[in-house]
Amino acid sequence: MGFNLFRRGLSEQERAVGDRLPPGQYVTEKWPVLHYGGVPRVNMATWDFKLTGLVEEPVTLTYDQILAMPRKTVTSDVHCVTRWSLFDSEWEGIPIQEILQLVRLKPQATHVMVHAEQGFTANLSLDDLIRDPNMLVDKRNGEPISAEHGWPLRLFVPHLYFWKSAKWLRGLEFMAGDRPGFWEQYGYHMRGEPWAEERYGWQ
Ligand SMILES: Nc1nc2c(c(=O)[nH]1)N[C@H]1C(S)=C(S)[C@@H](COP(=O)(O)O)O[C@H]1N2
Ligand SMILES: [Mo]
């Protein structure tokens, strides 16, 4: 197979895809829907977003307060551990830095547990949380994200496999040390970096 590829050569387009497609991934044109359980019915009357754990003062935000925060758009690829990659969507939301400015972290804080509806969780190091493209997203390609894709708010951490980008986000809990989240307890990798193929286990 390698020989055939060599003989045929790669088109410009294939080369461009190769440079940005992590190992073991394929490109999808449509945005698949993937999650555990049903799509939660979100009650906006009681909806809130909480910053808890190792912070000097916990913060609770309403959806209106979230919508009033500064916003930005980021054009980025995303990579799912089930091997699809979606190229070049325009994601819009509130930069993670804006959210983190609302709290003072205690010095012991090294990781965060992401909390979503129905008890879904995902763990991240602070280093992975505080990346420039990361956001709380409510729009893709100019349209509000659908209920299946996590409306009213999802996390967006494009440098890791997409399971870390929790849908139906409800809060961030700052922790001293790492703890496995929902999929990580089922054997997904603690970090999930697509270029290193950190899919399952602690390879
Ligand atoms: N709340 C919640 N968020 C979740 C999940 C989930 O089961 N529950 N699954 C994750 C997984 S495994 C993937 S691949 C992406 C899929 O997002 P999408 O359905 O918008 O493509 O959502 C992630 N976020
Ligand atoms: Mo996934």
Side-chain angles (χ1 to χ4, degrees), residues 16-36 49 51 66 69-101 110-117 120-174 178 180-184 188-200 203:
V17 166
D19 284 348
R20 57 198 288 206
L21 190 64
Q25 297 293 111
Y26 67 87
V27 179
T28 180
E29 298 298 327
K30 283 208 185 123
W31 185 14
V33 172
L34 219 69
H35 52 262
Y36 177 81
F49 180 82
L51 299 166
I66 296 258
M69 295 183 72
R71 304 173 68 85
K72 69 170 177 182
T73 61
V74 171
T75 298
S76 168
D77 306 341
V78 295
H79 310 290
C80 175
V81 71
T82 62
R83 298 186 183 275
W84 55 263
S85 290
L86 181 68
F87 281 177
D88 273 341
S89 293
E90 187 193 81
W91 306 90
E92 181 181 330
I94 297 97
I96 197 70
Q97 291 86 346
E98 295 290 336
I99 296 291
L100 293 174
Q101 272 176 27
T110 59
H111 290 74
V112 65
M113 189 62 82
V114 178
H115 289 272
E117 300 280 346
F120 182 85
T121 53
N123 56 304
L124 292 169
S125 69
L126 280 186
D127 181 56
D128 281 324
L129 178 72
I130 308 172
R131 296 280 177 118
D132 208 41
N134 296 357
M135 292 186 284
L136 313 191
V137 153
D138 63 356
K139 286 189 178 164
R140 171 191 173 253
N141 292 349
E143 304 271 334
I145 54 172
S146 64
E148 304 83 64
H149 285 301
W151 191 90
L153 199 65
R154 78 178 297 163
L155 189 63
F156 182 69
V157 180
H159 74 288
L160 299 179
Y161 284 125
F162 212 33
W163 88 77
K164 299 287 187 180
S165 295
K167 307 197 271 193
W168 313 296
L169 185 66
R170 290 296 299 272
L172 302 175
E173 175 197 354
F174 297 90
D178 206 359
F182 178 84
W183 288 116
E184 294 81 5
Y188 281 37
H189 197 276
M190 288 292 270
R191 178 150 190 256
E193 209 283 307
W195 294 94
E197 280 208 77
E198 293 174 341
R199 296 176 189 277
Y200 309 104
Q203 304 100 314

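- For Arg83 (side chain) and Tyr26 (main-chain N/O), no donor-acceptor pair under 3.5 Å exists by modelled atom type.
- Using a 4.5 Å cut-off on side-chain heavy atoms (C-beta onward), Tyr161 and Glu197 make contact.
- Listed for the Glu92 side chain is no donor-acceptor partner under 3.5 Å among the backbone atoms of Glu143.
- The pair Glu193-Lys164 does not count as a salt bridge, with every side-chain nitrogen at least 4.0 angstrom from each carboxylate oxygen.
- In this structure, the side chains of Leu153 and Val137 stay at 4.5 Å or more apart for every pair of heavy atoms.
- From Gln101, atom CD reaches atom CD1 of Ile96 across 11.5 Å, with rounding to the nearest 0.5 Å.
- Within the 4.5 Å cutoff, side-chain heavy atoms of Arg154 are placed close to those of Ser165.
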I'd like to know whether Lys167 forms a side chain to side chain contact (heavy atoms under 4.5 Å, CB included) with Val33, so could you lay out the CA-CA distance, the side-chain angles of the two residues, the decisive distance to 0.1 Å, and finally the verdict.
CA-CA 11 Å; Lys167 307 197 271 193; Val33 172; 4.1 Å; yes
For Leu169 and Val114, run side chain to side chain contact (heavy atoms under 4.5 Å, CB included): C-alpha distance rounded to whole Å, both residues' side-chain angles, the deciding distance at 0.1 Å, then the answer.
CA-CA 8 Å; Leu169 185 66; Val114 178; 3.3 Å; yes
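- Counting heavy atoms from C-beta outward, Met69 and Ile99 have side chains that approach closer than 4.5 Å.
- Proximity of Asp77 to Ser85: side-chain heavy atoms (C-beta onward) are nowhere separated by under 4.5 Å.
- Here the straight-line distance linking atom CH2 of Trp91 with atom NZ of Lys139 works out to 14.5 Å at 0.5 Å rounding.
- When all heavy atoms of Gly93 and Met135 are compared, the pair lying nearest together is N-SD, 3.6 Å.
- Note that CG of Leu124 and NE2 of His111 are 9.0 Å apart. Values are rounded to the nearest 0.5 Å.
- Ring pair Trp168/Phe120: centre-to-centre distance not below 6.0 Å.
- Asn134 has its side chain out of reach of Leu100: every pair of non-hydrogen atoms, C-beta onward, lies at least 4.5 Å apart.
- With a 4.5 Å cut-off on side-chain heavy atoms, Pro133 and Pro158 count as touching.
- Every side chain to side chain contact (heavy atoms under 4.5 Å, CB included) that Pro70 has, sequence neighbours left out, goes to Glu98.
- Using bins of under 30°, 30° to 60° and over 60° for the plane-to-plane angle, the ring pair Trp31/Phe162 lands in the tilted bin.
- Heavy atoms only, all atoms of each residue included: Asp19 and Trp195 are closest at O-CH2, 3.5 Å.
- One finds the OG1 atom of Thr28 at 13.0 Å from the NE2 atom of His79 (value rounded to the nearest 0.5 Å).
- With hydrogens and angles ignored, the 3.5 Å screen pairs no side-chain donor or acceptor of Asp138 with any backbone N or O of Pro144.
- The pair Arg20-Asp88 meets the salt-bridge criterion, with a side-chain N (NZ, NE, NH1 or NH2) lying under 4.0 Å from an Asp/Glu carboxylate O.
- From Ile66, atom CD1 reaches atom CZ of Arg71 across 10.0 Å, with rounding to the nearest 0.5 Å.
- Between Arg140 and Ser89, the closest heavy-atom pair is NE-OG, 2.8 Å.
- The distance from atom CE of Met190 to atom CD of Glu184, rounded to the nearest 0.5 Å, is 7.0 Å.
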Take Trp183 and Val81 through the test side chain to side chain contact (heavy atoms under 4.5 Å, CB included) and record every step on the way to the result.
CA-CA 11 Å; Trp183 288 116; Val81 71; over 6 Å; no
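- Looking only at side-chain heavy atoms (C-beta outward), His159 and Asp128 come within less than 4.5 Å of each other.
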Can Met113 and Asn123 be said to form a side chain to side chain contact (heavy atoms under 4.5 Å, CB included), step by step?
CA-CA 5 Å; Met113 189 62 82; Asn123 56 304; 4.1 Å; yes
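- Within a 6.0 Å radius of OH in Tyr36, no more than 12 heavy atoms belonging to other residues, nucleotides or ligands are found.
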